[in-house]
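I have placed the structure first, in the form of structure tokens, so that the comments after it can refer back to it.
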Amino acid sequence: LRRPRHLTSSRASGASRLQHVGHDQELAVRKRRDVALAGPKQRGQEVAYEERACEGGKFATVEVTDKPVDEALREAMPKVAKYAGGTNDKGIGMGMTVPISFAVFPNEDGSLQKKLKVWFRIPNQFQSDPPAPSDKSVKIEEREGITVYSMQFGGYAKEADYVAQATRLRAALEGTATYRGDIYFCTGYDPPMKPYGRRNEIWLLKT
């Protein structure tokens with residue numbers, strides 16, 4: 001392993017119909033490692049990952065079951081966006097914090113179950129008294145802070161991309177870290193209309 005380098009978190013750019021108001025969910029990047037994978041199909045590849053503390057608080061959540069991940073995400077995300085944009089009991093447009101994350105649940109073979117849960121961290125100024133969602137499928141939940149192993153990748157990510165990148169991150173962590181195997185988070189930082197320089201991440205939850 002190379003010596004860890006200390007980094008600071010950056011802010012995503014790009015306009016959206018809903019304002020992106022910053023990395024409320026990120027406290028700090030603890031350290032970064034660049035790991036050369038040693039598997040026969042991966043030899044010579046390097047994987048950069050970070051250990052990061054992510055802030056807890058109140059989140060708007062939407063859970064969808066019995067649908068493939070990509071389809072479930074297309075159903076859940078507009079509900080979160082509408083809530084943040086003013087579809088709530090106060091009619092308040094809060095803006096979108098980034099990243100938007102959603103939990104997925106892997107099977108033993110690495111494929112994903114037909115279930116996901118989107119987590120949208122309510123902006124700081126509304127944390128103490130968040131508006132109630134008008135859509136009953138949107139719930140307000142409290143979540144403690146988490147520490148994750150995070151790996152970044154680009155493009156318009158689909159289910160197959162998340163699965164492949166999670167496999168790479170697990171390979172990089174093998175023998176050096178422990179993390180939950182029953183759940184991980186997929187995250188995005190950019191509005192849909194941003195075609196280039198997109199930032200996605202896989203988060204494995206440190207145990």
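Both the sub-6.0 Å distance and the 45° axial angle are not jointly satisfied by Arg52 relative to the ring of Tyr149.
Salt-bridge annotation for Glu55 and Arg143: absent, with no side-chain N of the basic residue lying under 4.0 Å from a carboxylate O of the acidic one. Under a 4.0 Å N-O distance rule, the pair Lys58/Asp129 does not qualify as a salt bridge.
No more than 12 heavy atoms of other residues, nucleotides or ligands lie within 6.0 Å of CD in Glu144, so this atom counts as exposed by the packing criterion. More than 12 heavy atoms of other residues, nucleotides or ligands sit less than 6.0 Å from atom CD of Gln113.
Cluster membership for Ile122 and Ile92, using ILVMFWY side-chain heavy atoms within less than 4.5 angstrom, is shared.
Side-chain contact between Asp161 and Phe153: present, with at least one pair of heavy atoms (C-beta onward) separated by less than 4.5 Å. In this structure, Thr87 and Pro133 have side chains that are not in contact, with every pair of non-hydrogen atoms separated by 4.5 Å or more. A 4.5 Å side-chain heavy-atom check between Asp182 and Phe105 finds every atom pair outside the cut-off. Side-chain atoms of Lys117 and Val62, non-hydrogen and from C-beta on, never get closer than 4.5 Å to each other. Inter-residue side-chain proximity for Tyr184 and Val104 is flagged as met; some heavy-atom pair is nearer than 4.5 Å.
With Tyr189 as reference, Glu201 is the one residue of Glu201, Arg198, Lys194 to meet the side-chain hydrogen bond (donor to acceptor under 3.5 Å, both in side chains) rule. Considering Pro131, Ser137, Ser134 as possible partners of Tyr83, the one that fulfils the side-chain contact (heavy atoms from CB on, under 4.5 Å) test is Pro131.
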Evaluate the criterion ring pair (Phe, Tyr, Trp, His ring centres under 6.0 Å) for residue pair Tyr162 and Phe102; output intermediate values, then yes/no.
CA-CA 11 Å; Tyr162 297 125; Phe102 60 95; 5.4 Å; yes
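At a cut-off of 3.5 Å, with distance as the only test, no side-chain donor of Lys206 or Thr178 sits close to an acceptor on the other residue. For Glu141 and Thr61, the side-chain atoms include at least one donor-acceptor pair closer than 3.5 Å. With hydrogens and angles left out, the side-chain atoms of Tyr49 and Gln152 include no donor and acceptor closer than 3.5 Å.
In plain terms, the two heavy atoms of Asp70 and Glu159 that are nearest each other are OD1-N, 2.9 Å. Of all heavy-atom pairs between Ile140 and Pro130, the closest is CG2-CG, 4.1 Å.
At least one donor-acceptor pair under 3.5 Å links the side chain of Thr97 to the backbone N or O of Arg121. Not one N or O on the side chain of Asn200 forms a donor-acceptor pair closer than 3.5 Å with the backbone of Gly188. Remark: the backbone N or O of Lys136 is paired with a side-chain donor or acceptor of Lys139 at under 3.5 angstrom. Formation of a donor-acceptor pair under 3.5 Å by the Tyr156 side chain with backbone atoms of Pro192 is found in this model.
With rounding to the nearest 0.5 angstrom, the CD1 atom of Ile100 is 10.0 Å from the CG atom of Leu73.
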